[in-house]
Amino acid sequence: METLKRRLLDMSIIFVLWLLLTWSLDVQSVVAGAILAVLFALVLSGLLPARVTRLFSPVRWFWALMHLISLAFWIVLANFDVLYRVLHPNLPIRPGIVRVKTTLKSDEAKAFLANSITLTPGTLTIDIIDDWLYVHWINVHENLEDTEAITRDIAGRFEVTLRRVFD
Amino acid sequence: MNNPVAVYILISIGVVFDLVGALGLIRLPDVYNRLQAATKCVTLGTCLILVGVVVASGWNAMGIKALLAAVFVLWTSPTGSHALARGAHIAGVPLWAGSVVDKYKEDTGR
């Protein structure tokens with residue numbers, strides 16, 4: 001029953017995406033989209049993560065929106081940061097790969113945290129191993145071994161919202 | 001075209017950030033720093049250009065496609081640069097000589 005529900009959800013997402021991309025309600029294109037949605041949902045089994053249904057709650061969506069707003073702010077800041085470093089004649093960078101410990105539990109939350117970190121000023125996630133994120137930082141702090149301070153600077157700003165969305 | 005001033009502003013800012021991203025690709029020293037510039041600037045630059053297209057065309061086939069493309073760029077560009085950086089590190093591409101620390105190498109030995 002649960003699998004069937006997930007398959008139907010996969011199908012409807014693919015179908016809606018098809019309708020948006022073709023943007024036409026011709027019988028031909030709608031029928032083709034329906035057939036393709038069934039085919040793809042069968043082939044790509046488990047397109048969505050397990051327990052996806054629990055993400056359908058207004059509170060989680062509100063925090064997703066908050067996350068997007070804060071992400072947009074950091075993306076703009078990240079771009080001015082790159083602009084400054086690239087255009088500065090002395091190229092002020094002090095790069096290195098540091099370790100960050102995340103408190104997020106689910107895989108989806110960690111994936112979104114990694115992507116968000118990549119889009120924010122001076123940081124690029126290289127790998128996730130268990131609870132540790134390895135992050136390339138373009139301007140590492142003086143204090144290299146202070147994992148807590150590094151974690152606060154890199155991951156802290158997103159964990160608050162992502163925990164409320166996914167965990 | 002709806003609201004040409006907004007369209008020109010959005011697309012011009014987008015092009016400027018794309019240009020900075022391209023400059024960063026040339027100026028920064030190693031593959032990891034270059035990926036940083038490429039990911040951040042090209043994501044925002046391209047999204048702004050696509051939003052400009054949405055404003056220009058309105059809610060029709062082209063606008064919706066541009067909006068979906070912006071969402072996909074925002075979603076896939078950090079994922080792609082993560083894969084490239086990880087692949088480069090595992091393949092043994094060294095960090096720039098001025099780098100101060102490499103915890104990934106210390107912990108995984110790769």
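Nothing here was measured: the structure is a model prediction, and the numbers come from that model. Atom set for the values below is all heavy atoms of this structure, side chains included, hydrogens, waters and symmetry mates excluded. Letters A, B, ... are given to chains in the order of the sequence lines, protein chains preceding strands, and every chain is numbered from 1.
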(message) Does atom CD1 (A:Ile69) have a neighbourhood of more than 12 heavy atoms from anything else shown, all under 6.0 Å?
(response)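 Enclosed: over 12 neighbouring heavy atoms sit under 6.0 Å from CD1 of A:Ile69.
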(request) State whether the number of non-hydrogen atoms from other residues, nucleotides or ligands found under 6.0 Å of A:Asp26 atom CG is greater than 12. (result)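 More than 12 heavy atoms, drawn from other residues, nucleotides or ligands, come within 6.0 Å of this atom.
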Pick from [options]: which one has the most heavy-atom pairs with chain B under 4.5 Å?
options: A:Thr22, A:Val76, A:Thr125, A:Thr123; answer: A:Thr123
options: A:Ile75, A:Leu17, A:Leu20, A:Asp81; answer: A:Leu20
options: A:Pro95, A:Gly96, A:Ala114; answer: A:Pro95

So which part of [X] gets closer than 4.5 Å to some heavy atom of chain A, the side chain, the backbone, both or neither?
X: B:Leu68; answer: side chain
X: B:Leu84; answer: neither
X: B:Thr43; answer: side chain

(message) Donor-acceptor pair, distance only, cut-off 3.5 Å: does the side chain of B:Arg27 make one with the backbone of A:His88?
(response)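 Checked: pair present.
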(message) Tell me if a side-chain donor or acceptor on B:Lys65 pairs with a main-chain N or O of A:Leu21 at a distance below 3.5 Å.
(response)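 Yes, because the side chain of B:Lys65 sits within donor-acceptor range (under 3.5 Å) of the backbone of A:Leu21.
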(message) Just checking A:Trp137 against B:Tyr32, ring centres under 6.0 Å apart?
(response)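 So the answer is no for these two rings.
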(request) May I ask you to name which of B:Asn60, B:Thr39, B:Leu35 has the most heavy-atom pairs under 4.5 Å with chain A? (result)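 Result: the option with the highest number of such pairs is B:Asn60.
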(request) Please flag which part of A:Thr120 lies under 4.5 Å from any non-hydrogen atom of chain B: side chain, backbone, both or neither. (result)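 Contact with chain B: backbone only.
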(request) Heavy-atom distances under 4.5 Å only: say whether A:Leu87 touches chain B with side chain, backbone, both or neither. (result)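 Both parts, backbone and side chain.
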